Amino acid sequence: MSTRTRIAFLKGHGTENDFVIVPDADNTIELSPATVAALCDRRAGIGGDGLLHVVRSAAHPEARHLAAEAEWFMDYRNGDGSIAEMCGNGVRVFARYLRRAGLVGEGDLAVATRGGVKRAHIAKSATPDAADGDVTLSMGKAALPEGDVTVSVGDRQWPARNVNMGNPHAVAFVADLAHAGDLLAPPPFSPATAYPDGVNVEFVVDRGPRHVAMRVHERGAGETRSCGTGACAVAVAAARRDGLDPAVTGTPVTYTVDVLGGRLVITEAPDGEIEMTGPAVIVAEGEIDADWLATATAKVTATATAAATAAEAAAVTA
């Protein structure tokens, strides 16, 4: 963690998938998993599904090789402090922050992520410092790994489509979104080898022609109000289920995907490229007290250590 006494932050959301934003162009702030978890704590911290660490690509060891393509790197962390490859809603909010800060203009923008370089388009706004509005994001192409996958909640079990959007997804079509349960814990899946690092699980119902609704459990965050890569995975899975694979039909296909926090529009082109359009909103900005953050980080670390010790003791006595 930085020795500075105060650290700037902002808070933003994309269809209510919310993030703590930490601007740090030169990558001088150390963000340990415990520090991120403390900031994202909804009761004792700022609160967020994840954290967007805003760094110049050239200043970050994981993104230097992308600096020629994208000036800015979205160093994304899940709410529990774990590192994630990508977050579609996060990239839109990241782009909105860069525009608000005057670091980029309207129009096209490249953003480096652990899932590769993502292309965004910031729509023209009424004022230069507009806090919201739609951002369109090129999400790349979906990979569809082979093999049967199932997910379950309680006594119910469904086949799921394995879709990778730079991060893994299991998409299950269900009769009722309530069947997903409370989504407090990760839904079990099989086979275990399908997702060695865990998976984002989407439960989907139909609302109309090319119109679906979803709930999602995100790795490291639990149920969230929205998931951009998840919405893309859902649209891809729905198109394949409906016989509308653009690579086969030669025609782009668009699905409207309702999430708990709003609505996203997903279009897949015949070449496989996927675009997602939706809102991105900055709601607040302020300063984090570094002394508070050090104390909060230590508390999270102590809690995690105690939990690990208790788990080890239970394993020994079992």
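What you are looking at is a predicted structure, and each value in this text was computed from that prediction instead of being measured. Just so you know, residue 1 is the first one in the sequence shown, and it goes up from there.
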Please tell me whether Leu39 and Val55 are part of a single hydrophobic cluster in this structure, the criterion being side-chain heavy atoms less than 4.5 Å apart.
no

Less than 4.5 Å apart, side chain to side chain, heavy atoms only: is that true for Asp197 and Pro168?
no

Can you tell me how far CZ of Phe94 sits from CG of Leu137, rounded to the nearest 0.5 angstrom?
12.0 Å

Would you confirm whether Arg161, through its side chain, and Ala237, through its main-chain N or O, come within 3.5 Å as a donor-acceptor pair?
no

Are the side chains of Cys232 and Val163 in touch, meaning some heavy atoms are under 4.5 Å apart?
no

Say whether Met86 and Leu144 are linked into one hydrophobic cluster, either directly or through other cluster members, by side-chain heavy-atom distances under 4.5 angstrom.
yes

In Arg215, Arg225, Arg263, the residue satisfying salt bridge (Lys or Arg N to Asp or Glu O under 4.0 Å) with Asp258 is Arg263

Atom OG1 in Thr254, atom CD in Glu268: separation rounded to 0.5 Å?
10.0 Å

Donor-acceptor pair between Thr28 and Asp24 side chains, under 3.5 angstrom
yes

Is the closest basic N to carboxylate O distance between Arg119 and Glu275 below 4.0 Å?
no

Nearest heavy-atom contact between Tyr76 and Gly50 is OH-CA, 3.6 Å

Under a 4.5 Å cut-off applied to non-hydrogen side-chain atoms, are Trp72 and Leu98 in contact?
yes

Val204 versus Phe173: any side-chain heavy-atom pair under 4.5 Å?
yes

Are Asp206 and Arg241 ion-paired here, with the side-chain N under 4.0 Å from a carboxylate O?
yes

Whether Trp158 and His179 hold their rings parallel, tilted or perpendicular, with breakpoints at 30° and 60°:
parallel

Step-by-step side-chain contact (heavy atoms from CB on, under 4.5 Å) determination, Arg114 to Phe73:
CA-CA 9 Å; Arg114 291 184 177 87; Phe73 172 55; 4.1 Å; yes

Honestly curious: do Val300 and Val20 fall in one hydrophobic cluster under the side-chain, below-4.5 Å linking rule?
no

Quick check for you: to the nearest 0.5 Å, what is the distance between Ile21 atom CD1 and Glu285 atom CD?
9.5 Å

Does Pro279 offer a backbone N or O that forms a donor-acceptor pair with the side chain of Arg92 under 3.5 Å?
yes

Atom NZ of Lys11 with >12 non-hydrogen neighbours under 6.0 angstrom:
yes

Closest approach of Leu264 to Gly278 (non-hydrogen atoms, all atoms of both residues):
CD2-CA, 3.9 Å

How many angstroms lie between atom CD of Glu218 and atom CG of Asp49, to the nearest 0.5 angstrom?
6.5 Å

The single option from Glu85, His169, Glu202 passing side chain to side chain donor-acceptor pair (under 3.5 Å) against Thr229
His169

Val283 and His13: CA distance, side-chain angles, deciding distance, side-chain contact (heavy atoms from CB on, under 4.5 Å) verdict
CA-CA 8 Å; Val283 300; His13 76 90; 3.9 Å; yes

Okay, side chain of Arg64, backbone of Ala58: is any donor-acceptor separation there less than 3.5 Å?
yes

Is it true that Val216 and Phe189 fall in one hydrophobic cluster, defined by side-chain heavy atoms closer than 4.5 Å?
no

Any non-hydrogen side-chain atom of Leu260 less than 4.5 Å from a side-chain atom of Glu16?
no

Within the distance-only criterion (no hydrogens, no angle test), does the side chain of Asp271 pair as donor or acceptor with the backbone N or O of Glu273 below 3.5 angstrom?
yes

Quick check against the 3.5 Å criterion: does Asp242 have a side-chain atom that pairs as donor or acceptor with the backbone of Leu244?
no

Taking Arg77 for its side chain and Leu31 for its backbone only, find out whether a donor-acceptor pair lies under 3.5 Å.
yes

Looking only at heavy atoms, the pair that brings Arg96 and Asp134 closest together is NH2-O, 3.9 Å

Check for me, please, whether Val199 and Met214 land in the same ILVMFWY cluster - side-chain distances under 4.5 Å, paths through other members count.
no

Looking at every heavy atom in both Val153 and Pro187, which two are closest together, and how far apart are they?
CG2-CB, 4.4 Å

Between Ile122 and Ala95, the two heavy atoms sitting closest are CD1-O, 3.7 Å

From CA spacing to verdict: side-chain contact (heavy atoms from CB on, under 4.5 Å), Arg99, Ile282:
CA-CA 11 Å; Arg99 177 70 187 106; Ile282 303 296; over 6 Å; no

Any donor-acceptor N/O pair, Asn200 side chain to Arg219 backbone, under 3.5 Å
yes

Can you check whether His60 reaches Leu66 side chain to side chain, under 4.5 Å on heavy atoms?
no

Restricting to non-hydrogen atoms, name the atom on Tyr255 and the atom on Ala238 that form the minimum distance, rounded to 0.1 Å.
OH-O, 3.5 Å

Rounded to the nearest 0.5 angstrom, the CG-CZ distance for Asn89 and Phe19 is 5.5 Å

Return yes if some donor-acceptor pair links the side-chain N/O of Asp80 with the main-chain N/O of Ser82 below 3.5 Å, else return no.
yes

In terms of heavy-atom contacts, does CG of Asp148 have more than 12 from other residues, nucleotides or ligands at under 6.0 Å?
no

To the nearest 0.5 angstrom, please state how far the CD1 atom of Ile46 sits from the CZ atom of Phe9.
4.0 Å

Is it the case that the side chain of Thr224 and the backbone of Asn17 share a donor-acceptor pair, with hydrogens and angles ignored and the cut-off at 3.5 Å?
no

Show your reasoning for whether side-chain contact (heavy atoms from CB on, under 4.5 Å) applies to Asp289 and Arg6.
CA-CA 5 Å; Asp289 184 280; Arg6 293 187 179 276; 3.9 Å; yes

